[in-house]
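Data first, discussion second: the structure below is written as structure tokens.
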Amino acid sequence: MSVTRHIISAINKFGFSRKSGGYNRVAFSDADMDARKWLVEFLHAEGFQAYMDPIGNVIGRWGNNKEPLIMSGSHTDTVPDGGAFDGTLGVAAAIAAMINLREADNELAYGMEVVSFADEEGRFGGMLGSQALSGQVTQSWIEQAQDADGVLLTDAMNAQGLDAFSALSCARQPGSLKAFVELHIEQGPILEYEKVSIGIATVISGICLLSISLKGSANHSGTTPMDQRRDPMVGAASVINQIDTVLRQHGSDQSRITVGKIEAWPNTPHTIAGTVTFTIVIRDTDKAIMGVLQEALERSIATTARRHDLWNEITPMSWLDPVVLDSNLSEIATRSAARSGHSCQLMASGAGHDAQSMQAICPASLIFVPSQNGISHAPEELTSWDDIERGTDVLIEMVKSLTRKTI
Ligand code: HGY
Ligand code: MN
Ligand code: MN
């Protein structure tokens, strides 16, 4: 079994659900932290320097300690009931690349670090681990960060013996990293459809998360005439129904708007809902378009609320800018794919990734392998072991060239 496959299989022993076949290593859960502790032990057993930093990032290091270093990695936390490869692949392949460097035993111009970032999936909004390393976390954000169920970041981290405010002192100095390279599953249908082995991301979409609350009057579902209701469920349905029109009028081919979570109160069949709260996630590779889509949605929510005599509140929860990745590294990725004998194509990333945080402090690169049926963030997420080895080949080639010469 390859190193990459061995590490993926070992990490996926944590948080696996027999019932659904999915993985639950949500940020700062016991399963997430157990997988991180396993990673530190594995890296130590392989003879690398390794530690978990104060906010849960797992870091391993090989070669000379003088900076700047080449860093590669991704994340091992998952969304609830997530898949086996999202993030885990990039951590496993980065370690495989570092083992390859150690076994080649060549004189390295630059040392290497591998990383599994904390809370990439944004349970608390943002991407805590990579944003902390790239100096993009603020005290006020930490103080108010909470998950969709109202659990505070500070409390979730305290429960694991971690201090969320230590994120303010994790930032790497500019110049301390020469490059960051991430291998990830595509999480979409393009590479499989195009029959291409490797995707090279040139730009990563931004992510805007809004929470919408509509409030009407809870009432009897049998005695309340249809024309005398203040029903937020009907309001929410109308807002969701208008998303298509908003996209047609203001979006691009990279625009995505998703309502993934909705809750009614009191959420019982024989009562007209009093309150409905739902999330809207807006994504695009163009920041201005994201802003226009947000404004258009806010207008449609206000208009719909008035029409149904509802009170409404829109709470911005988090915002990540779209990020253009380093073109020199994309060039190196293209050459590495050619040297490895694998087809590749440039593309945009609809999913957010730690590479978009790391681009703030060093040149960053993100390469993809195909997702079968384009599925991700679900137990059906699947990438073939052959595709995983092709992605690992290219990552190893990139790391070899980056640790041996200037870029
Ligand atoms: O949601 C995303 O875009 C990523 O999987 N964190
Ligand atoms: Mn991911
Ligand atoms: Mn993900």
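Numbering of ligands and ligand atoms starts at 1, following listing order.
- Using modelled atom types, no side-chain atom of Gln131 and backbone atom of Gln136 make a donor-acceptor pair closer than 3.5 Å.
- Under 4.0 angstrom from ligand 1, there are no non-hydrogen atoms of Met127.
- Side-chain contact between Arg339 and Ser401: present, with at least one pair of heavy atoms (C-beta onward) separated by less than 4.5 Å.
- With a cut-off of 2.8 Å, the Mn ion (ligand 3) has no N, O or S atom of His75 in range.
- Within Glu121, the N, O or S atom at minimum distance from the Mn ion (ligand 3) carries the name OE2.
- Using a 4.0 Å cut-off to heavy atoms of His377, the atoms of ligand 1 that qualify are 1 (O), 5 (O).
- Dense packing is recorded around CH2 of Trp38, with more than 12 heavy atoms of other residues, nucleotides or ligands lying under 6.0 Å away.
- Interface atoms of ligand 1 facing Ala351, defined by a heavy-atom separation under 4.0 Å, are 3 (O).
- Using a cutoff of 4.0 Å between basic side-chain nitrogens and carboxylate oxygens, Arg36 and Asp77 are scored as salt-bridged.
- Shown in contact with Glu120 at under 4.0 Å from a heavy atom are these atoms of ligand 1, numbered in order with element: 4 (C), 6 (N).
- Here the heavy atom of the protein found nearest to atom 4 (C) of ligand 1 is Gly352 O, 3.3 Å.
- In this structure, a donor-acceptor pair under 3.5 Å is absent between the side chains of Gln160 and Asp32.
- Looking at Arg283 against ligand 1, only its side chain comes within 4.0 Å, counting heavy atoms.
- Ionic pairing of Arg172 and Glu113 is present here: one or more N-O contacts between side-chain nitrogen and carboxylate oxygen are shorter than 4.0 angstrom.
- The Mn ion (ligand 2) is the vertex of the angle joining OD1 of Asp86 and NE2 of His184, which measures 80° to the nearest 10°.
- No donor-acceptor distance shorter than 3.5 angstrom exists from the side chain of Glu182 to the backbone of His353, with no hydrogens or angles considered.
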